[in-house]
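Worksheet: one structure, shown below.
Residues: numbered from 1 along the sequence shown. Model, not experiment: these values are computed from the prediction.
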Amino acid sequence: MAKPDFQHLPTRLGVYTLTREIGRNATTTLYLATQSHVERGVLVEVLNSEGCSATEVESFLSNVRARVAVHLPHVSQVFESMVSDEIWYVTLERPDGFNLTKLAQEKRSLSPMQVCAVIQAAVDLYRNAAEQNVAAGPLSADSIFMSGKEEVSFLSPVLAGEHSAELTAKQMDGLAAALKPVLPQNGVPGQSRVATLVSWIAEGYEGQRLDWEGISTTATTICEQLTPQLRAEHVSGMRTKTRGAIVRESKRERRRMQRYIWMGAAAALTTVICGIAGCLSAPDEVPPLPPNDGTYIHCRSGNSAVRVAAQPVSIREYKEFLEAMNNPDRIPKERRRQLNKDVPQNCTNHTPFEWEQQLKATRSGVKYRGELLTEDSPVRGLSYWNALVCARYYKAKLPGAELLQAAHREGGATGTQHEWTTGKRNATTLFAEGYILLSPAGPPVLEADRATKSHLYGARLVYPAATPES
């Protein structure tokens, strides 16, 4: 077989026909390809130099082995590495859609919502890699794909070795560099906000690097602000028809929209500053919070003061809630309907997991899962929906992860079981996600099924700031 001619495509490389170059870096070149006999579309990443040294080949293969061994969210599959005509290459699953390099070449851009989707997917990827102590290099425009269905996929950035703090800066630099050429055009609602966020990813804020948590929080805030404005987002030129008028507005309405955009950017800035500082602090002119009294931890939630319960919901409190929910005379039908609003029908049984065992342990002194319980001990076995409805019953709310972390930093927050926190992602309904905060210092872990009940899961309540009447 003739030696591959990479200057003239298509060309054969082993059982693959390379059809188009779609990306290149210092060491490898990425091609679209088809596999003979099975007619499967793949990507082929070729080690650039012919006759490369054994050290270069081993480094290439070490990275390939690491990529094959690790599974990360949003990352396409790595199939195999091979050598043909003394040329080393690796074959990869071909993601749907186009990479950002192609979009930039065709002078197309992402919408603000899609920029946020790429950022959130990258946050998921890099958080997961850090948790697994996996070295993950920076993403490039070649390796970020957006499908027509607005799904984000990445080519694996995994490297041989372990995670390090130095990698995080490179990851953020790479993500920002990949997004800048495809940022929304001026005049698109949300353009200034996502452009600012991308600049913060690259440069930090006031000389200080953001962390992935602050970046994720700000992207979520932007999405929540834009959702009422934009009914459908699309890559410019990828669709010929939009669902909903985005730019039918008078000059007066455009001026109003511009004011809204700047107000939203200021709100996003406040969120990021909170993430950088590691606290939910209030402006100087806001009155100071009252001291913690051992029952509540006083914290800031945005510009509002709230009281976070120092103790998780107790068996006594949950027993009171459950008895009321099971007594039609105590809770009228309309009030019950309001408490269960948005809760799936099959999740309206609010009895905790192993509830009878917990009650028995409080009465008899028998240990529950190795622990002596009283009615003041934290209740276990709640689903997200149980926690949510219980909070409504007590005219309270579930804390967000940042608020609960702030309460731990303030001191006095106790409890060892995992606690449900409210969703942090862009929501199309009021309660789109359920999270379990596993550690006061770490990010919340997404629970795939909010109906899950486990002996580990409890909840904590948040109340408005104290008033003379309360």
Side-chain angles (χ1 to χ4, degrees), residues 13-16 18 20-35 38 40-49 52-84 86-102 118-147 151-175 177-178 212:
L13 178 60
V15 297
Y16 299 95
L18 312 186
R20 181 162 62 87
E21 179 182 326
I22 63 170
R24 178 185 291 267
N25 58 40
T27 57
T28 62
T29 304
L30 190 64
Y31 297 91
L32 288 177
T34 56
Q35 184 175 0
V38 296
R40 177 175 65 172
V42 296
L43 298 180
V44 174
E45 186 177 347
V46 179
L47 187 60
N48 285 336
S49 55
C52 35
S53 68
T55 301
E56 292 172 316
V57 172
E58 180 54 36
S59 176
F60 174 74
L61 294 179
S62 294
N63 288 336
V64 171
R65 284 192 290 268
R67 291 158 75 181
V68 170
V70 176
H71 300 283
L72 297 173
H74 314 292
V75 172
S76 61
Q77 184 178 356
V78 180
F79 291 135
E80 56 186 346
S81 62
M82 290 178 286
V83 62
S84 180
E86 299 182 352
I87 299 170
W88 286 93
Y89 58 98
V90 58
T91 56
L92 314 165
E93 176 187 6
R94 179 176 175 178
D96 292 334
F98 304 100
N99 64 10
L100 300 192
T101 297
K102 182 172 178 61
V118 173
I119 291 171
Q120 293 285 32
V123 170
D124 287 345
L125 163 68
Y126 286 127
R127 276 179 178 167
N128 199 288
E131 289 168 2
Q132 298 185 48
N133 195 27
V134 168
L139 295 165
S140 67
D142 300 335
S143 61
I144 302 174
F145 287 74
M146 174 69 74
S147 75
E151 297 173 345
V152 180
S153 300
F154 304 126
L155 300 185
S156 177
V158 171
L159 305 171
E162 298 181 346
H163 173 72
S164 67
E166 291 74 18
L167 276 175
T168 302
K170 295 179 180 179
Q171 293 164 356
M172 292 183 181
D173 289 342
L175 179 62
W212 287 120

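- Here the side chains of S76 and S153 are not in contact, with every heavy-atom distance at 4.5 Å or above.
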Determine whether E45 and V64 satisfy the following criterion, side-chain contact (heavy atoms from CB on, under 4.5 Å), listing intermediate values before the conclusion. CA-CA 10 Å; E45 186 177 347; V64 171; over 6 Å; no
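- Taking every heavy atom of both residues into account, F154 and L125 meet most closely at CD1-CD2, 3.8 Å.
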Take V68 and E80 through the side-chain contact (heavy atoms from CB on, under 4.5 Å) test and state the conclusion after the steps. CA-CA 8 Å; V68 170; E80 56 186 346; over 6 Å; no
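- Among all heavy-atom pairs drawn from M146 and V152, the shortest one is CE-CG2, 3.8 Å.
- In terms of modelled atom types and a separation under 3.5 Å, the side chain of N63 and the main chain of A160 share a donor-acceptor contact.
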Ring pair (Phe, Tyr, Trp, His ring centres under 6.0 Å) evaluation trace for F60 with W88: CA-CA 9 Å; F60 174 74; W88 286 93; 7.3 Å; no
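- The OG1 atom of T91 sits 9.0 Å away from the CD atom of Q77 when rounded to the nearest 0.5 Å.
- In this structure a side-chain-to-backbone donor-acceptor pair under 3.5 Å is missing from D142 to T29.
- To the nearest 0.5 Å, the span separating OG1 on T168 from CG on D173 amounts to 10.5 Å.
- Nearest heavy atoms, L155 versus V75: C-CG1, 4.4 Å.
- Annotation: the span from L139 atom CG to N99 atom CG amounts to 12.0 Å, rounded to 0.5 Å.
- From Y31, atom OH reaches atom CZ of R24 across 5.5 Å, with rounding to the nearest 0.5 Å.
- Two residues are said to be in side-chain contact when any heavy atoms from C-beta on lie closer than 4.5 Å; L61 and S81 meet this criterion.
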Using side-chain contact (heavy atoms from CB on, under 4.5 Å), reason through L43 and F145 one step at a time and then give a plain yes or no. CA-CA 13 Å; L43 298 180; F145 287 74; 4.1 Å; yes
Would you check, one step at a time, whether the test side-chain contact (heavy atoms from CB on, under 4.5 Å) holds for N25 with L30? CA-CA 9 Å; N25 58 40; L30 190 64; over 6 Å; no
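- Classification of the Y126-W212 ring pair by plane angle, with boundaries at 30° and 60°, yields parallel.
- A side-chain donor-acceptor contact under 3.5 Å links S62 to the backbone of E58.
- Shown here for S156 and V78, the closest heavy-atom pair between the two residues is CB-CG2, 4.2 Å.
- Here the closest heavy-atom approach between residue N128 and residue H71 is recorded as OD1-O, 4.3 Å.
- Put simply, CE on M172 and CD1 on I119 are 11.0 Å apart, with the number rounded to the nearest 0.5 Å.
- Checking side-chain atoms of Q171 against main-chain N and O of A136 turns up a donor-acceptor pair under 3.5 Å.
- The minimum heavy-atom distance between P138 and G174, with the atom names listed, is CB-CA, 4.0 Å.
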